[in-house]
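Notes follow once the structure below has been shown.
Scope of the values below: all heavy atoms of this structure, side chains included, with no hydrogens, waters or symmetry mates. Just so we're clear, the structure is a prediction, and the values are computed from it rather than from any experiment. First the proteins, then the strands, lettered A, B, ... as listed; each starts at 1.
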2 protein chains.
Amino acid sequence: MKNLTERQKEILDLIKSYIGDFGFPPTRVDISKKLGFKSANAAEQHLRAIEKKGFIKILSGASRGIVLIEEEEKGIPVIGLVAAGGPILAQENIEKRIPYSQNLLTESVDYYLRVKGDSMVDIGIYEEDLIGVRKTKDIKEGSVVVARINDEVTVKTLKKFSSDEVVLKAENENYSDIKINPSVDELNFEGTCVGLLRNLS
Amino acid sequence: MKNLTERQKEILDLIKSYIGDFGFPPTRVDISKKLGFKSANAAEQHLRAIEKKGFIKILSGASRGIVLIEEEEKGIPVIGLVAAGGPILAQENIEKRIPYSQNLLTESVDYYLRVKGDSMVDIGIYEEDLIGVRKTKDIKEGSVVVARINDEVTVKTLKKFSSDEVVLKAENENYSDIKINPSVDELNFEGTCVGLLRNLS
DNA sequence: AGTATTACTGTAATTATATACAGTATGTTA
DNA sequence: TAACATACTGTATATAATTACAGTAATACT
């Protein structure tokens, strides 16, 4: 997918906002009026260029037959199992995507991670829950973090974070703390947990 | 807003599903083809009838100029505190609304209810969580329900449901079961809990 | 019995729309 | 330097689409 020129972006944005306003795409004349073209053919040729670059599909013969091609990055990915050795957000880990939800969780979420195991039940995080994760390096002691220890991804509370020792706490009395020496084990923080979703019944 | 006839509903549904498929509304000819009309005017007259009843707006002169009129519900309501004496979904109870497009839970949700108190912590439902509620009379023992007892709204697990006794269980060992005799106390089930949202951090 | 509503067919006119073809001009790539 | 992409104007035309007008027929309401 090639990059659009400034003008082409402008036209694509116009199409999107027109659809937002009216519920259907603009005609070539509509576009030309809004952008001040004196010929509808200017719009036509822009549309063809945008189609060629893969951002829209023009349905031949149909009036207003402009179909927006969905961008891949639409919606927040839901991660099921994380395959060892790769990044969390690798395509193979993405179960599905759910529409952006800024209004739902107050902080912005980069992805949802499906919880495996019962290590966090004491703070109400259960198996199969989806936790909303925000990718950030700015993690604090006391917050629930997504950590990767030697390629294994885990969700725990960050109890202690210093240069010579990191302690991750499972919120379940049956589990004991995980103590990590960062110079021995490979430790990465993938993000902080900012919300939770659960499907009941 | 008058009621639509069966045929008119069929046409309105067709319009909605067509928009879902293509991203723009159908023409009169499109509608006629799908429903087997031999004259596009059949569609035209149905559209006028549907417009007259307030479900769509026809933009004169524009091709595919059918605008769906949104029903007043602009999203799933979030209920904070329920004022005594009124219905849960009364305007005064609605904190905000979450757009349908952002529905993250698999089952359909009629509203979200903000949890007050700690009576359900043992199954991971905490104060300030939002539970997704589905309005239904079809409730089962064992499921988490939203009940109204003498005008007070509460969230509990339905433990026993028979004609002479209803038992609601708080999922917190510090609380005891609520036993209700339906012939003495007024009991209504507002719905079942189908999901949960939590904002962390 | 008369009027209105629903649910269509059939024809036709007007206008809305897509789209081809012929240009002009500028800047970028091979 | 030729070929190509971008960014338009201007004209023209086929066809897509709306929409008016004239009917038919069944059912409901007053």
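With a 4.5 Å cut-off on side-chain heavy atoms, Arg114(A) and Glu128(A) count as touching. Between Tyr175(A) and Lys156(A) the shortest side-chain heavy-atom distance does not fall below 4.5 Å. Side-chain contact between Cys193(A) and Val146(A) is absent, with no heavy-atom pair separated by less than 4.5 Å. Within the 4.5 Å cutoff, no side-chain heavy atoms of Leu168(B) are placed close to those of Thr157(B). Counting heavy atoms from C-beta outward, Val115(B) and Leu196(B) have side chains that stay 4.5 Å or more apart. Under the 4.5 Å side-chain criterion, counting only non-hydrogen atoms from C-beta, Gln8(B) is in contact with Ile50(B). Within the 4.5 Å cutoff, no side-chain heavy atoms of Glu171(A) are placed close to those of Ile125(A).
When the side-chain nitrogen and oxygen atoms of Lys53(B) are compared with OP1 and OP2 of dT5(C), none of them lie within a distance under 4.0 Å. For the pair Ser60(A) and dA18(C), the criterion of a side-chain N or O lying under 4.0 Å from OP1 or OP2 is not met.
Listed by first and then second residue, the side-chain hydrogen bond (donor to acceptor under 3.5 Å, both in side chains) pairs involving residues 25-37 of chain B are Tyr18(B)-Asp30(B), Thr27(B)-Asp30(B), Arg28(B)-Glu44(B), Asp30(B)-Arg64(B) (not counting sequence neighbours).
Here the side chain of Asn150(A) pairs a donor or acceptor atom with the backbone of Glu186(A) at under 3.5 angstrom. Between the side chain of Glu127(B) and the backbone N or O of Gly117(B) there is at least one donor-acceptor pair closer than 3.5 Å. Asn172(B) places a side-chain N or O within 3.5 Å of a backbone atom of Asn174(B) that can act as its donor or acceptor partner.
In the region residues 37-49 of chain A, proximity to DNA chain D at under 4.0 angstrom, judged on heavy atoms, holds for Phe37(A), Lys38(A), Ser39(A), Asn41(A), Ala42(A), Gln45(A), His46(A).
Put simply, chain A comes within 4.0 Å of DNA chain D, heavy atom to any atom, from dT6(D) to dA17(D), going 5' to 3'.
In this structure, Ile66(A) atom CD1 and dT19(C) atom C1' are separated by 13 Å, rounded to whole Å.
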Margin query: So if I define the base as every atom that isn't primed, P, OP1 or OP2, how would nucleotides 24-30 of chain C read as a B/S/- string at a heavy-atom cutoff under 4.0 Å?
Written below: -------
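The end-to-end axis angle of the helix from dA1(C)-dT30(D) to dA30(C)-dT1(D), rounded to 10 degrees and based on five pairs per end, is 30°.
Aromatic ring pairs are classed by plane angle as parallel below 30°, tilted from 30° to 60° and perpendicular above 60°; the pair Phe189(B) and Phe161(B) is perpendicular.
Taking CD1 from Ile66(A) and CD1 from Ile58(A), the interatomic distance works out to 6.5 Å, rounded to the nearest 0.5 Å.
Ser143(A) approaches Lys140(A) most closely through the heavy-atom pair OG-O, 2.7 Å.
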Listing time: all N or O pairs from protein to nucleotides 12-17 of chain C that are below 3.5 Å?
unit_1: dA16(C); atom_1: O3'; unit_2: Gly61(B); atom_2: O; d: 3.4
unit_1: dT17(C); atom_1: OP1; unit_2: Arg64(A); atom_2: NH2; d: 2.6
unit_1: dT17(C); atom_1: OP1; unit_2: Ser63(B); atom_2: N; d: 2.9
unit_1: dT17(C); atom_1: OP1; unit_2: Ser63(B); atom_2: OG; d: 3.1

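Counted within 6.0 Å of CD on Glu152(A), heavy atoms from surrounding residues, nucleotides or ligands total 12 or fewer; the atom is thus considered open.
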